[in-house]
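Just so we're on the same page: letters track the sequence lines, and every chain starts at 1.
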Amino acid sequence: MSFYSECGDLYSAHQLFDEMPHKNVVTWTSMISSYVQHGSFQLALGLFKKMIVSNEMPNHYTLSVVVRACTVVGYVDLGVQIHGLIVCVGLERDEFAGSSFLDFNFKVMGDLDSAFRVFDGLYRIDVFTWNVMISGLAQDGDTSEVLRMLSEMQVVDGLNPNDSTIVGLLKCCYILKEVEQVHGLALKTGFKNDIAVGSSLMDSYGKVGSIDLGQKILGSLELNNNTSCFVWSSIISSHARNGCGKEAITLFRDMCRQGMRPNQHAPSSALKACADVRDLSTGVQVQQSQMIKNGFRSDCFVGSVLISLYADAGKICKAEKLFRRIDDKDIVAWNAMITCCAQVEEGSAATCISFFQELCRTTTLEPNGATLFTLLKSCQSISDLVVGIQIHAMISKLSLGCVTRMGNAVINMYSRFGAVDDAYKAFNDIVSKDEVSWSSVIRNYQQNGFALDALRLCKVMMADGMVLTNFSPSIMCCGLRRTCSY
DNA sequence: ATAGGGTTAG
């Protein structure tokens, strides 16, 4: 059985497994863990359920593997149930079962309190467990807590950071100086050419805008066919993210010319670069030469960026065809499609709404801020007011009305329909009002014939110390002119 | 056996 598993022939392995008359915990566990290792998480979890039904008791090894599967797939309920089982069999303080549940708390539950509880309860804490903590907290953006953990791990437990620690730390580096510090630590702890550390560093340098420093790392890495795919993807996305679209496209061509077979990551970035530089024809070339040949026709990431590329070119039918072809649509894919409608069709609320309704009716995905933001912007004609109000209600329900960009969009929607008071209420909901908030609400009064209110708000704004660099003269003059003529 | 790398909408 394990021979077949190692060859990747899980079908034969499973057949043998089924034929075994006396299965024990080791047989069950090795079959389950083979599935997890090959990325077949659903099959692994299905087999685990069978194991429980047939009254075989899982051990700490089985439990750590299935919790990991729940984490990767994002199964909340099953993960919580399995935790119940871990507690029942008295393994909650076990380092393996416990650490994987710790990771589950960070990644799936987003529950830091219970993560700390699990962590504090563990019998033994090794570098592995420290790394789960550091990576989880770093992902959450809690830099000071991450640094506290790092120091505690070194000073109290006397453990040295390893490559995975470095990768975890890089997740909470937002400026060049921070990346350089972690890079320094990596060199100190003996990082030579670990590919995960290398590509994380490259990616982090790219994210803080230092493509050059990232490319320097590239020179120090020893690449082979398996690893260079990662590194190419990093370097292409760095360029695409930093406004170097043309270079990103060239790099992608180089990559293909060298005979690399990219997975969906590099083409997604390359297509994003095409969208940024509005190069539809190259985008179509990439799509045809790579996507179809390499079988990414139904990939969600590739599909989403292609939709926005076709949207920019005004080709809504083509975009919809691509959208329909995506197998496992996530919220980003839906948003790309809704944005496409808003962009292409004049007075597009009806089309946008019909996609939105389909999203709510046929999936369990939660619409997010981007979904609602786009829908709101699509409400342009007076017949869309009712829809606009409904969307505003959803925005309030998600407590997003206080977010500056979103609040500004709400003000603008109401202003378009002359709903002066509602626009003003939306303005008040915004926690930190920026130039756009002020100018929108003032213009709202001014354009709807309430010059005195416009002027009054101008005064409040100035008393607040806000200066409108772009809008000030026209708005204030309009306000004054109207006021003087009264 | 439990931790680490690259992708999409606004």
Does [X] reach a base, just sugar-phosphate, or nothing at all? Heavy atoms under 4.0 Å.
X	value
R241(A)	sugar-phosphate
D299(A)	nothing
D94(A)	nothing
I195(A)	base
K329(A)	nothing
D103(A)	sugar-phosphate
C229(A)	base

Nearest 0.5 Å please: distance from the CG atom of L45(A) over to the OG atom of S40(A).
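The OG atom of S40(A) is 11.0 Å from CG of L45(A), to the nearest 0.5 Å.
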Restricting to pairs with a member in residues 203-238 of chain A, which pass ring pair (Phe, Tyr, Trp, His ring centres under 6.0 Å), not counting sequence neighbours?
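Sorted result for residues 203-238 of chain A: H183(A)-Y205(A).
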Examine the side chains of D312(A) and Q343(A) and answer whether a donor and an acceptor come within less than 3.5 Å of each other.
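Result is yes, a qualifying pair exists.
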Can you pull the salt bridge (charged side-chain N to carboxylate O under 4.0 Å, His left out) pairs that have at least one residue in residues 226-245 of chain A, sequence neighbours excluded?
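Found D203(A)-R241(A).
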Please list, in 5' to 3' order, the outermost nucleotides of DNA chain B lying under 4.0 Å from any heavy atom of chain A.
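Boundary nucleotides touching chain A, in 5' to 3' order, are dA1(B) to dG10(B).
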With the threshold set at 4.0 Å, does a side-chain nitrogen-carboxylate oxygen contact exist between D276(A) and K272(A)?
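So D276(A) pairs with K272(A) through a salt bridge.
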F119(A) and F116(A) aromatic ring geometry - parallel, tilted or perpendicular at 30°/60° bounds
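Judged by the thresholds at 30° and 60°, the geometry between F116(A) and F119(A) is perpendicular.
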